[in-house]
Structure formats: structure tokens, C-alpha cells
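Taking it in order: structure first as C-alpha cells, then the write-up.
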Amino acid sequence: MKFRFDTYLIFSIITLLSSATPFQALCSTPMNDTLEICQRESDIPSSCDTLCEKFNSKQLIVPGIFMVSGLVGAIDYNNSLNRSVNDAFNDLSDGKTCKIDDYLRFLPSTSHLVLGSIGVKSKHNFKERLLISATSHAAMLIMGYGSKFIIKEQRPDISNNHSFPSGHVALAFTGAELLRQEYGTIYGIAGYTVATSVAILRLYNNKHWFNDVLMGAGIGILSARIGYWLLPFERNFFKINNKNNKSSTIAITPAYNVAEKALSVSVFAVF
């Protein structure tokens, strides 16, 4: 069967941009409604958190679709779909690269930790956000980089055999979903916009096949949800009392070394 290129391109754009749509919340009630309930019932915040963090099998649907689609493509990464999308981005880039994706991938995850400490209303205190983030990124590393060494898919630019899945995309989508769950729809849209940009740039830079970014997106979303699902157990294990929601302060100072062409970041936190 011969596939039309324009069909591929439309499918690619719809699939990538659909990730910018806020997915169904973990709570049985909308995110904003849940935050309002928590604000009205500030004396029992743990009950609201338990509701939001409860595992729901329906939340496996969206990341599952991305992951299955990516895995099917990995079975034959040299298929017509991957080739068509790859050729389209090669024509667009004309051999040029844009390395901003190396930095953008960290933005959503960093924002998840920082925003609550600079006055943005968050569901959890800094300690819990740190724990959620650590768990989510650990899951992302295990699933993402574990797959790289098992599948050993060759990159489009033939630089190595670690193309599947995209680690940049997995990291970016992990942070985007963390933002959505912690701060609501508006911040979620911003996070997913950044994550989708990273996915597009990985294709533009000829570093990944289309199925790689699909799998990376699925792993990222699932990893973030795992972080929230496991929080009640980790809260008990580490004896974190959510009622003592003490304020925290965090300061981040970026620096750029012109001579070394290196970017560094200093972080100071009190919590």
C-alpha cells in the first residue's frame, strides 16, 4: 500500500500538537474545582491529595496510545511513515540544526519545582514536589534509557544506535505532565507547548525518527503520573506530614561562561 506524504504530515502535526491539550486529570473532579475544594477545606488537605493521587486505569489510555504507536514504528523504523516525516524535516532544515532543545527539555521539570516557591498556587509543598519529581524522573530514566539499550535503533543521522525512544522528549513531557497536574490547565498548556517544541526540534535536527518522539512522549506522561500515584506511599514511608505545609524559598542563578561556551545554574533552597 502506498501512503501519501500529505497524509503523513497531517497525521504528524495532529499527533504532536494533541500533546499540548490538557489530558484528563487524575482527579474525578476537574483540576480547578479540586483546588477550590482544597482551599475551602484547608484543614484537611490530605483528603484532597489522596483523591487526586488515586490510581485510575483510564489514565493509562493516552500514554499507552503514544507508546504502542512508537513501539510499532520501532519494529520497522525504516518504514514509509518515518521516512516521509524524516524527509519533510530534512527539507525544512536544509542541513541546519537548532540546539535549543538541549536546554528547553529541562524547562518544564524545573518549573514544576520552582513555581510553587515563588507564589504560584500549588497542590503540594516543596518537599512533596521534590519527591514527586524524583520518582517521575527515575521512572522516565528506567523506561526511556532502558529501552535505548534494548532496542538499539539507529538514529537518522547514523551517529549511534540509541535513537529509540527520544530521551529529550521523554524528559520534556514528564515535566509538562507534572506542571499540568500540579498547577492546572494553563500551566499544563505552557508545559506541553514547550514539550511539543522539543519533539519537533528533535525531528528538525535529524536526531530521531517519528516513532521515537511518540514513544518518548508516552513515557514522559506515564512517568509523571507514576510520580503522583506513588506519592501517598512515599509520604507514609518518609513520614511527610502534608498538613505542615511550611513555606519554602528557592533561588536559581543562571550563568554563561563565554570562554568555555558553557551554561551553568546555581540553586539555593531552604525548606
Side-chain angles (χ1 to χ4, degrees), residues 12-13 15-23 63 66 70 85-86 89-90 92-93 96-118 120 129 132-134 136-137 139-141 143-145 148 155-157 159 162-183 185-224 227 250 252-258 260-267:
S12 306
I13 294 173
T15 304
L16 286 172
L17 294 184
S18 66
S19 342
T21 304
F23 299 123
F66 278 93
V85 174
N86 181 260
F89 276 96
N90 283 339
L92 180 65
S93 65
K96 299 176 183 177
T97 59
C98 178
K99 298 299 184 182
I100 193 173
D101 52 319
D102 289 336
Y103 306 102
L104 277 182
R105 57 177 166 158
F106 298 108
L107 184 57
S109 295
T110 303
S111 300
H112 169 255
L113 288 175
V114 173
L115 288 176
S117 301
I118 59 175
V120 178
R129 294 199 307 276
I132 292 168
S133 181
S136 299
H137 288 89
M140 182 271 296
L141 287 172
M143 290 188 287
Y145 288 88
K148 281 181 179 291
R155 292 185 186 273
D157 64 357
S159 59
H162 301 312
S163 185
F164 178 88
S166 171
H168 282 62
V169 174
L171 175 58
F173 274 80
T174 298
E177 179 64 5
L178 289 175
L179 275 176
R180 185 195 69 78
Q181 293 197 52
E182 188 66 37
Y183 302 103
T185 300
I186 300 301
Y187 289 95
I189 290 175
Y192 274 103
T193 299
V194 172
T196 302
S197 299
V198 171
I200 292 173
L201 283 171
R202 297 308 284 167
L203 295 171
Y204 179 88
N205 291 329
N206 201 32
K207 285 297 184 181
H208 288 285
W209 304 101
F210 184 54
N211 69 282
D212 300 337
V213 301
L214 289 180
M215 187 67 170
I219 287 176
I221 297 167
L222 179 60
S223 298
I250 182 169
I252 297 181
T253 306
Y256 182 73
N257 188 321
V258 178
E260 299 291 335
K261 294 184 179 180
L263 179 68
S264 64
V265 178
S266 300
V267 180

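- Between the CG atom of N211 and the OG atom of S163 there is a distance of 7.0 Å, given to the nearest 0.5 Å.
- In this structure, I186 places its CD1 atom where only 12 or fewer heavy-atom neighbours from other residues, nucleotides or ligands lie under 6.0 Å away.
- Side-chain contact between R202 and D212 is absent, with no heavy-atom pair separated by less than 4.5 Å.
- Nearest heavy-atom pair across G167 and Y145 is CA-OH, 3.8 Å.
- At a threshold of 4.5 Å between non-hydrogen side-chain atoms, the residues S136 and H112 do not count as touching.
- Closest approach of R155 to W209, counting heavy atoms only: C-NE1, 4.1 Å.
- Note that OG of S197 is 15.0 Å distant from CZ of R105, once rounded to the nearest 0.5 Å.
- Under the side chain to side chain donor-acceptor pair (under 3.5 Å) criterion, H162 pairs with no residue, sequence neighbours left out.
- The structure places CZ of F89 at 6.0 Å from CD1 of I200, a figure rounded to the nearest 0.5 Å.
- Scanning all heavy atoms of the two residues, the minimum distance from A199 to V169 falls at CA-CG2, 3.6 Å.
- For Y204, there are no ring pair (Phe, Tyr, Trp, His ring centres under 6.0 Å) partners at least two apart in sequence or on another chain.
- For the pair H208 and F164, the minimum side-chain heavy-atom distance is 4.5 Å or more.
- Rounded to the nearest 0.5 angstrom, M215 CE and F210 CZ are separated by 14.0 Å.
- A224 approaches T174 most closely through the heavy-atom pair CB-O, 3.5 Å.
- Side-chain contact check for S109 and H137: at least one donor-acceptor pair (N or O, by modelled atom type) lies under 3.5 Å.
- S133 places no side-chain N or O within 3.5 Å of a backbone atom of R129 that could act as its donor or acceptor partner.
- Note that CD1 of I219 and CG of L171 are 12.0 Å apart. Values are rounded to the nearest 0.5 Å.
- Annotation for D102 and F106: closest pair O-CE1, 3.2 Å, computed over non-hydrogen atoms.
- When every heavy atom of P108 is checked against every heavy atom of A176, the shortest pair comes out as CB-N, 3.5 Å.
- Here CG of L222 is found 12.0 Å from CE of M140. Values are rounded to the nearest 0.5 Å.
- Taking the side chain to side chain donor-acceptor pair (under 3.5 Å) definition, one finds that N205 meets it with D101, sequence neighbours left out.
- For L115, the side chain to side chain contact (heavy atoms under 4.5 Å, CB included) test picks out S111, I118, V120, L179, Y183, Y187, with sequence neighbours left out.
- For S223, there are no side chain to side chain donor-acceptor pair (under 3.5 Å) partners two or more places apart in sequence or in a different chain.
- Under the side chain to side chain donor-acceptor pair (under 3.5 Å) criterion, N86 pairs with N90, N206, not counting sequence neighbours.
- Remark: K96 NZ is loosely packed, at most 12 non-hydrogen atoms of other residues, nucleotides or ligands lying under 6.0 Å away.
- With hydrogens and angles ignored, the 3.5 Å screen pairs no side-chain donor or acceptor of K207 with any backbone N or O of P156.
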